[in-house]
Number of protein chains: 2
Amino acid sequence: MRRDELLDAAECLLEDQGSQGLTLAAVAERAGVSKGGLLYHFSGKEALIKAMIERLIGEFDAMIEAQHESTYTRAYLKATFEAIETGRLRRWAVVTGAAGDPALLAPLREAMARWHRHGLDDEPHPQTSQIVRLACEGVWEVATHCPAIVDYGAVRQGLLALL
Amino acid sequence: MRRDELLDAAECLLEDQGSQGLTLAAVAERAGVSKGGLLYHFSGKEALIKAMIERLIGEFDAMIEAQHESTYTRAYLKATFEAIETGRLRRWAVVTGAAGDPALLAPLREAMARWHRHGLDDEPHPQTSQIVRLACEGVWEVATHCPAIVDYGAVRQGLLALL
DNA sequence: GCTACTTAACCGTCCAGCCGGTACAGTAAC
DNA sequence: GTTACTGTACCGGCTGGACGGTTAAGTAGC
């Protein structure tokens with residue numbers, strides 16, 4: 001689908017130029033398409049960003065699901081490190097790009113609430129599980145901004161040991 | 001100093017309108033100053049954002065220092081929750097605003113590296129300390145986007161218990 | 001000839017930065 | 001004590017350029 005290629009181009013752009021660089025013309029050019037062509041698929045810039053966010057959330061939820069681990073926390077943990085190690089994390093630069101309009105972050109807030117609460121009380125050690133999930137969030141954040149300062153393998157082992 | 005009032009105005013604006021709302025005219029108006037007056041203090045928009053970031057980093061470093069705890073991790077932990085509970089965290093919406101130009105995030109990356117590495121190997125349990133710091137980062141992130149989904153008191157107790 | 005898709009040219013808006021101007025507080029020479 | 005000069009703080013109109021979005025005119029496949 002051409003739509004996905006356009007979203008890919010937009011993600012690349014965001015990653016190495018920041019939200020400043022995310023203009024319709026730039027996205028179109030990187031995707032090898034004209035501006036009109038881009039607007040054929042997305043009604044406007046807002047729709048483009050919204051689509052990026054929804055794709056990312058869907059993708060990560062699918063990764064969690066695909067782990068079929070014994071607990072949601074374990075699945076979330078594995079998905080997090082898998083995303084980081086397979087470079088999929090780069091895509092999340094979108095978040096920074098969407099920050100221009102707080103309303104666009106609403107779906108993300110909703111997803112975050114799900115990731116941090118889903119099935120928490122049904123797990124063996126809710127408190128520990130919550131901390132592990134928060135630590136994952138932290139790893140994610142650090143990996144986004146300065147990937148080099150953490151030994152991911154060691155941290156993952158440490159977190160698994162806690163559970 | 002008038003300079004600080006201008007930075008305050010910019011922070012407020014970023015918080016409730018996103019980076020989109022951060023225009024020189026808007027900042028000036030909120031601070032009760034003309035655009036020319038604003039530009040007298042900051043050579044341009046970039047300088048304004050840079051100043052905001054530097055002020056925030058300095059502020060947080062000062063908070064860590066002020067804890068004079070036995071370990072950096074404990075101080076970092078206490079500073080994090082203090083920042084959240086005193087509402088100081090709201091200021092960090094700047095980060096989203098600065099994302100327009102990745103270069104502006106460089107000082108933040110540097111600070112983050114410091115917060116996650118400083119004195120880590122000299123602490124009793126480096127591995128656990130690192131996880132606690134990462135969890136703090138996660139708490140921070142969650143508090144920024146959806147403050148309501150975490151019981152901060154409980155999480156802080158849990159983290160202190162780990163150390 | 002209809003649908004899916006693409007193109008280039010164009011418009012209106014918005015904004016950052018510039019610049020000429022104002023007010024005022026020193027201060028120093030006479 | 002008044003005049004002339006200087007530096008600091010602040011003002012607001014202007015402009016050039018960039019960007020989002022529109023439109024009218026294609027093109028290719030079926």
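The chains referred to below are lettered A, B, ... by the order of the sequence lines, with proteins before strands, and numbering in each begins at 1. Please read all numbers here as calculations on a predicted model, not as lab measurements.
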Closest nucleotide among [options] to the [X] side chain:
X        : options                   : result
Lys45(B) : dG17(C), dT22(D), dC10(D) : dG17(C)
His41(B) : dG17(C), dA8(C), dC10(D)  : dC10(D)
Ser34(A) : dA16(C), dT7(C), dG20(D)  : dT7(C)
Leu24(B) : dG20(D), dA16(C), dA4(C)  : dA16(C)
Val33(A) : dT7(C), dC18(C), dG21(D)  : dT7(C)

If only atom types and distance count, is the side chain of Arg117(B) paired as donor or acceptor with the main-chain N or O of Ile149(A) below 3.5 Å?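 Between the backbone of Ile149(A) and the side chain of Arg117(B) there is no qualifying donor-acceptor contact (under 3.5 Å).
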Using atom types as modelled and distance alone, determine if a side-chain donor or acceptor of Lys50(A) lies under 3.5 Å from a backbone N or O of Pro107(A).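 It does not hold such a pair.
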Can you measure [X] atom [atom1] to [N] atom [atom2] for me and round it to whole angstrom units?
X        : N       : atom1 : atom2 : value
Phe42(B) : dA16(C) : CZ    : P     : 15 Å
Leu13(A) : dG20(D) : CG    : P     : 11 Å
Leu39(A) : dA24(D) : CG    : P     : 16 Å
Leu6(A)  : dT6(C)  : CG    : P     : 8 Å
Leu22(A) : dC19(D) : CG    : P     : 11 Å
Gln20(A) : dC15(C) : CD    : P     : 14 Å
Leu38(B) : dC11(D) : CG    : P     : 10 Å
Glu5(B)  : dA9(D)  : CD    : P     : 14 Å

Quick check on side-chain hydrogen bond (donor to acceptor under 3.5 Å, both in side chains): which of His125(B), Glu123(B), Gln130(B) does Thr73(B) satisfy it with?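 Only one of His125(B), Glu123(B), Gln130(B) forms a side-chain hydrogen bond (donor to acceptor under 3.5 Å, both in side chains) with Thr73(B), namely Glu123(B).
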Would you indicate whether the side-chain heavy atoms of Val155(B) and Phe81(B) approach each other to under 4.5 Å?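 Yes, close enough: below the 4.5 Å cut-off.
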For Gly44(B), which contact category applies under a 4.0 Å heavy-atom criterion: base, sugar-phosphate, or nothing?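 The answer is sugar-phosphate, as Gly44(B) gets under 4.0 Å only of primed atoms, P, OP1 or OP2.
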Contact class for Lys35(B) vs. all strands (heavy atom < 4.0 Å): base, sugar-phosphate, or nothing?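 Lys35(B): base contact, heavy atoms under 4.0 Å.
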Gap between atom NE2 of His116(B) and atom CG of Leu134(B) - 0.5 Å precision: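 Rounded to the nearest 0.5 Å, the CG-NE2 separation comes to 5.5 Å.
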Want to settle it: does Thr23(A) or Ser43(A) sit nearer the 5' end of DNA chain D, counting the closest nucleotide to each?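 Going by which nucleotide is closer to the 5' end, it is Thr23(A).
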Kindly say if Tyr40(B) contacts the phosphate of dA9(D), meaning a side-chain N or O under 4.0 Å from OP1 or OP2.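 Yes.
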